[in-house]
Trainee: 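Quick one: this structure, given as C-alpha cells, is what I'll be asking you about.
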Amino acid sequence: MTEFSIERLPFQRQHVDAWARSDEHHTDWPVVYVLDSTARGKKLYVGETVNAASRMRQHLAGPKRDAGLESIRVVIGERFNKSVCLDLESHLIRWFHGDGQYSILNGNDGLSDARYYDREIYRESFRDVFEALRAEGLFSRSIPQIENTDLFKLSPFKALTDDQAIAIEDIVEGLLADLQHPTAESTLVVQGDPGTGKTIIAIFLMKLLADIRDHEDRDDVEPDSMFAEFFTPENRELLRELKMALVVPQQSLRQSVKQVFKKTPKLDPKMVLTPFQVGESDADFDLILVDETHRLNQRANQASGVQNKKFGMINEALFGWDDSARTQLDWIKARSKHRMLLIDGAQSVRPHDLSPAHLDRELRDAKDAHRHFRLTTQMRVQAGADYVEFIRALLRGENPLRPDLGEYDLRFFDDLGEMRSAIRARDREVGLSRLVAGYAWDWVSRRDPSAFDIELDGERMRWNSTDKDWINASGSLDEVGSIHTVQGYDLNYAGVIIGPDLQVDPDGSINAYRDAYRDKKGKENTGHLKGAFGDDDLLVFIRNIYGVLLTRGMLGTYVYVCDPGLREQLRARLG
C-alpha cells in the first residue's frame with residue numbers, strides 16, 4: 001500500500017502563502033489537488049502539479065478565483081511521481097463526474113491512461129484516496145455504485161484508448177481545416193464494432209470542442225496532452241460561433257445522454273436531439289454528430305400516424321416534395337455543414353433502419369475523402385474483440401473456434417430458472433445484471449400490467465415496463481429487456497434468451513422463423529418497403545439483434561436457447 005496524506009486549507013492567497021513555507025513538498029513535489037465549493041453551487045476542479053503553492057497562486061489570479069471555489073485539498077504521497085499523479089487525477093475526475101454531486105470544471109483534454117512502473121499497486125491506493133475524500137463528503141456513493149452509472153459510462157471525462165485518441169485528433173484537425181473554408185462541407189465516418197466506444201467518441205468530441213471554444217485559462221491544459229496544440233486563440237475564434245448537436249435515434253439511450261449533458265459544464269441537454277427535431281429545426285447547424293447512424297430511418301411506416309405525417313412534411317420543407325427515397329440522413333445533411341456519423345452496420349435491427357446500401361455508400365465516400373476512422377479496441381467486453389467476432393460468426397452459422405476468453409464468464413444454460421437465479425446472484429455481487437431477449441413474444445403486459453409475456457421452464461416474466469433508461473429503472477431485474485432498451489448500453493452480466501425466432505433447419509443451417517418474430521415494425525413489408533424485404537433480410541436483422549444482445553455484458557454473458565436444434569448447435573460452442 002502506498003502511504004499518502006491529505007492537507008486542507010482555504011482557497012485564499014494568505015493561507016496559500018503561509019502553507020507554502022511550511023513544507024518543501026508544497027513547492028517541489030508531485031501532488032494531486034481538489035478545489036471545491038458548496039456555497040455558490042457545488043463546483044469542483046481536480047488538478048496535478050509539481051509545485052502546489054505556485055499552482056494555487058495561478059488559480060487565484062485566474063478564472064478559478066471567480067468560480068466561487070472555497071477549499072483546497074492536496075493529496076501528497078511520499079512515493080508519488082508525475083505519472084502516478086496524472087493517473088490519480090484522471091481517476092478522480094471520472095469518479096467525481098460519475099458521482100454527479102458536483103459540477104466538474106475540468107476540461108477533458110489531459111486525461112491519461114498511460115502505463116508506468118507498479119501501476120496496479122498505485123491504483124489500489126487510489127481507492128484509499130477515494131475513501132478518504134468520501135469520508136469528508138466529497139463523494140456520495142461507492143466506487144462500484146459510481147462505475148455502474150450511465151453518467152460514469154458515458155462521461156466525456158474518459159481516458160481514451162489509443163485508436164480513439166488518434167481518431168479524435170484526426171477528426172479535430174480535419175474539422176478545423178474545413179471550418180477555415182466557409183463554403184466547405186464534410187462528412188466524417190467513425191466505424192466500430194459493439195463496445196469500441198462510438199458513443200464516447202461523440203460525447204468526448206463535443207466536450208473537447210466546447211472547451212477549445214470557451215477556453216480562458218491556458219494553464220489548465222496539460223502540456224503533455226495530445227490535444228494541447230488545439231487550444232490556441234486562432235482555434236478559439238474559429239469555433240466561437242460553432243453550433244453543435246448530437247442526434248441519438250434511440251429514445252432510451254437519448255434520455256441517458258441528456259443526463260450526462262445536464263451534469264457537464266459547456267454541454268446542454270438541448271443539444272441532444274431526435275432526427276425529427278433536426279428535420280423540423282428552423283436553424284442550421286455547423287456540426288451534427290449522429291450516434292447509432294445505422295438506426296436512422298428510411299421512409300417507412302413510423303411508430304405513429306403523427307410521425308408518418310411529419311416525415312412527409314419535413315421532406316417537403318427541405319426538398320420541395322415528399323420524395324419517398326429520402327431518409328433521415330438526408331435531413332441531417334440538409335441541416336448541417338459538417339456531420340460525423342458513428343456506424344456499425346451489423347447493428348441495424350429493423351427494415352426501416354438505413355439500408356446496407358446507404359451505409360456502404362457513406363463508408364466509401366468517407367474513405368475516398370480521407371474522413372473514415374476505424375475503432376478496433378474493445379472497451380466493453382473484457383474478452384476483447386475476438387469474442388465479438390466469435391459471436392457474430394456463430395450467428396452466421398459458421399463453425400468458429402472458441403477464442404481464449406480469459407476470465408470472461410460465458411455460460412450456457414439448459415434451464416431458464418437457473419439462468420435467472422444466476423443473473424440475480426451476479427446483480428447482488430456487482431450490479432447491472434439483467435435478462436434480455438429477442439422479440440419473440442407478444443407484449444401483452446403493455447395493455448394488461450397483470451399479464452405475463454414470456455412463460456418458459458415454469459418461469460413467468462414481463463417485458464420491460466419502460467422504454468426510457470430501463471436498465472436503471474426500479475423493477476428491471478424482474479423484467480426482460482428488448483433490443484430497443486439495451487442497444488448502446490453496457491451491462492456487467494447479460495442473460496440472453498434466444499427465442500424461437502431463430503431456429504436450425506434439418507440441414508443444420510440457421511434461419512429466421514417469421515411467425516415467431518413479434519416485432520411488427522421489424523418485419524414490415526408494406527408501403528415503400530413492399531417487395532423489398534424477404535426472409536433473408538429478416539434473418540440478417542434477427543442475427544443482428546442477437547449479436548447486440550450477446551455483446552452487452554462486460555464481465556459475462558449467460559445464454560439460454562429455445563429451439564432444440566439451435567440449442568444443441570450452440571451448446572457445443574458456448575458451453
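Fair warning: this is a prediction, and the values are worked out from it, not measured in the lab.
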Trainee: Quick one: are Thr293 and Val290 in side-chain contact, heavy atoms under 4.5 Å?
Mentor: yes
Trainee: Do Asp353 and Leu296 have side chains that approach each other closer than 4.5 Å (heavy atoms only, starting at C-beta)?
Mentor: no
Trainee: Ignoring hydrogens and geometry beyond distance, is a side-chain donor-acceptor pair present between His97 and Thr264 at under 3.5 Å?
Mentor: yes
Trainee: Can you tell me which residue among Arg420, Arg434, Arg428 is in a side-chain contact (heavy atoms from CB on, under 4.5 Å) with Leu477?
Mentor: Arg434
Trainee: Phe452 versus Ser445: any side-chain heavy-atom pair under 4.5 Å?
Mentor: no
Trainee: Output all residues satisfying salt bridge (charged side-chain N to carboxylate O under 4.0 Å, His left out) with Arg374, sequence neighbours left out; order by chain, then residue number.
Mentor: none
Trainee: With rounding to the nearest 0.5 Å, note down the distance linking OG1 in Thr485 to CG in Asn464.
Mentor: 4.5 Å
Trainee: Got a donor-acceptor contact below 3.5 angstrom from the Gln503 side chain to the Pro500 backbone?
Mentor: yes
Trainee: I'd like to check Met461 versus Leu435 (side-chain heavy atoms, cut-off strictly below 4.5 Å). Are they in contact?
Mentor: yes
Trainee: If you measure from the Lys or Arg side-chain nitrogens to the Asp or Glu carboxylate oxygens, is any gap between Arg392 and Asp344 under 4.0 Å?
Mentor: yes
Trainee: If you look only at pairs with a residue in residues 353-408, which of them pass as a ring-ring contact (aromatic ring centres under 6.0 Å, His included), with sequence neighbours excluded?
Mentor: Tyr387-Tyr408
Trainee: Could you tell me how the ring of Tyr493 sits relative to the ring of Tyr558: parallel (under 30°), tilted (30 to 60°) or perpendicular (over 60°)?
Mentor: tilted
Trainee: With a 4.5 Å cut-off on side-chain heavy atoms, are Ile545 and Val548 touching?
Mentor: no
Trainee: Any chance the side chains of Arg254 and Thr274 put a donor and an acceptor closer than 3.5 Å?
Mentor: no
Trainee: For the backbone of Thr327 and the side chain of Asp330, can you confirm whether one donor and one acceptor N or O come within less than 3.5 Å of each other?
Mentor: yes
Trainee: With heavy-atom distances below 4.5 Å as the criterion, would you say the side chains of Lys468 and Ser256 are in contact?
Mentor: no
Trainee: Check the side chains of Arg295 and Gln487 for a donor-acceptor pair under 3.5 angstrom, ignoring hydrogens and angles.
Mentor: yes
Trainee: Can you confirm whether or not the ring centre of Trp95 sits under 6.0 Å from the ring centre of Phe126?
Mentor: no
Trainee: So, using ring-ring contact (aromatic ring centres under 6.0 Å, His included) as the criterion, who are the partners of Trp441 when residues are at least two apart?
Mentor: none
Trainee: If I take atom CD1 from residue Ile510 and atom CG from residue Leu539, how far apart are they, to the nearest 0.5 angstrom?
Mentor: 8.0 Å
Trainee: Using only atom types and a distance under 3.5 Å, with no angle test, would you say the side chain of Gln328 pairs donor to acceptor with the backbone of Asn297?
Mentor: yes
Trainee: Out of curiosity, Leu205 CG to Leu175 CG, how far, rounded to the nearest 0.5 Å?
Mentor: 7.5 Å
Trainee: Pairing donors with acceptors under 3.5 angstrom, does anything connect the side chains of Ser476 and Glu479?
Mentor: no
Trainee: Please identify which of these residues, Leu549, Thr551, Val496, meets the side-chain contact (heavy atoms from CB on, under 4.5 Å) condition with Thr557.
Mentor: Val496
Trainee: Around Glu398, counting heavy atoms of other residues, nucleotides and ligands shown, do more than 12 lie under 6.0 Å from its CD?
Mentor: yes
Trainee: Quick one: do the Asp469 and Ser252 side chains pair a donor with an acceptor below 3.5 Å?
Mentor: no
Trainee: Can you confirm whether the side chains of Asp501 and Tyr546 place a donor and an acceptor under 3.5 Å from each other?
Mentor: yes
Trainee: Apply the salt bridge (Lys or Arg N to Asp or Glu O under 4.0 Å) test between Asp478 and each candidate in Arg462, Arg460, Arg424; give the one that qualifies.
Mentor: Arg424
Trainee: Under 6.0 Å from the NZ atom of Lys263, do we count more than 12 heavy atoms belonging to anything else shown?
Mentor: no
Trainee: Can you name the one residue among Asp537, Leu502, Asn511 that meets side-chain contact (heavy atoms from CB on, under 4.5 Å) with Ile542?
Mentor: Leu502
Trainee: Less than 3.5 Å apart, any donor N or O on the side chain of Arg299 or Ser324 sitting next to an acceptor on the other?
Mentor: no
Trainee: Can Asn472 and Asp150 be said to form a side chain to side chain contact (heavy atoms under 4.5 Å, CB included), step by step?
Mentor: CA-CA 9 Å; Asn472 299 300; Asp150 293 332; 2.7 Å; yes
Trainee: State, without any angle test, whether Tyr560 and Asp415 hold a side-chain donor-acceptor pair at a distance under 3.5 Å.
Mentor: no
Trainee: Given the ring of Tyr489, does Lys153 sit roughly above its face, with NZ or CZ under 6.0 Å from the centre of the six-membered ring and within 45° of the axis?
Mentor: no
Trainee: Please check this pair: side chain of Ser336 against backbone of Ile332, looking for a donor-acceptor N/O pair closer than 3.5 Å.
Mentor: yes
Trainee: Report, as yes or no, whether the 6.0 Å neighbourhood of atom CG on Asp368 holds more than 12 heavy atoms from other residues, nucleotides or ligands.
Mentor: yes
Trainee: Rounded to the nearest 0.5 Å, what separates atom CD1 in Ile471 from atom OG1 in Thr466?
Mentor: 12.0 Å
Trainee: Is it true that Ser433 and Asn492 share a donor-acceptor pair across their side chains at a distance under 3.5 Å?
Mentor: no
Trainee: For residues 359-366, dump all side-chain donor-acceptor pairs below 3.5 Å to protein atoms at least two apart in sequence or in another chain.
Mentor:
residue, atom, partner, partner atom, Å
Glu362, OE1, Lys333, NZ, 3.3
Glu362, OE2, Lys333, NZ, 2.6

Trainee: Taking the six-membered ring for Trp, is the centroid-to-centroid distance between Trp331 and Phe311 below 6.0 Å?
Mentor: yes
Trainee: Can you name the residues that form a salt bridge (charged side-chain N to carboxylate O under 4.0 Å, His left out) with Glu169, not counting sequence neighbours?
Mentor: none
Trainee: Would you please say whether a donor-acceptor pair under 3.5 Å links the side chains of Thr161 and Gln164?
Mentor: yes
Trainee: Quick one: CH2 on Trp443 to CZ on Arg446, what's the gap to the nearest 0.5 Å?
Mentor: 4.0 Å
Trainee: Between Arg339 (side chain) and Leu287 (backbone), is there a donor-acceptor pair under 3.5 Å?
Mentor: no
Trainee: Do any N or O atoms from the side chain of Arg141 and from the backbone of Ile146 form a donor-acceptor pair under 3.5 angstrom?
Mentor: no
Trainee: Can a donor-acceptor pair be found between the side chains of Asp323 and Asn315 at a distance below 3.5 Å?
Mentor: no
Trainee: Output, in order, the C-alpha distance, side-chain angles, deciding distance and verdict of side chain to side chain contact (heavy atoms under 4.5 Å, CB included) for Thr187 and Arg371.
Mentor: CA-CA 7 Å; Thr187 300; Arg371 291 291 189 268; over 6 Å; no
Trainee: Find the distance between CG (Leu401) and CZ (Arg573) and round it off to the nearest 0.5 Å.
Mentor: 6.5 Å
Trainee: Is there side-chain contact between Leu416 and Glu459, with heavy atoms separated by less than 4.5 Å?
Mentor: yes
Trainee: I would like to know whether Ile288 and Met244 meet side chain to side chain contact (heavy atoms under 4.5 Å, CB included); could you show each step before the answer?
Mentor: CA-CA 6 Å; Ile288 295 180; Met244 297 184 288; over 6 Å; no
Trainee: So, does Asp87 use its side chain to make a donor-acceptor pair with the main chain of Arg119 at under 3.5 Å?
Mentor: no
Trainee: Asp291: which residues meet the salt bridge (charged side-chain N to carboxylate O under 4.0 Å, His left out) condition with it, sequence neighbours left out?
Mentor: none
Trainee: Side chain to side chain contact (heavy atoms under 4.5 Å, CB included), that's the test. Do Val257 and Leu154 meet it? Break it down for me.
Mentor: CA-CA 7 Å; Val257 173; Leu154 298 173; 4.2 Å; yes
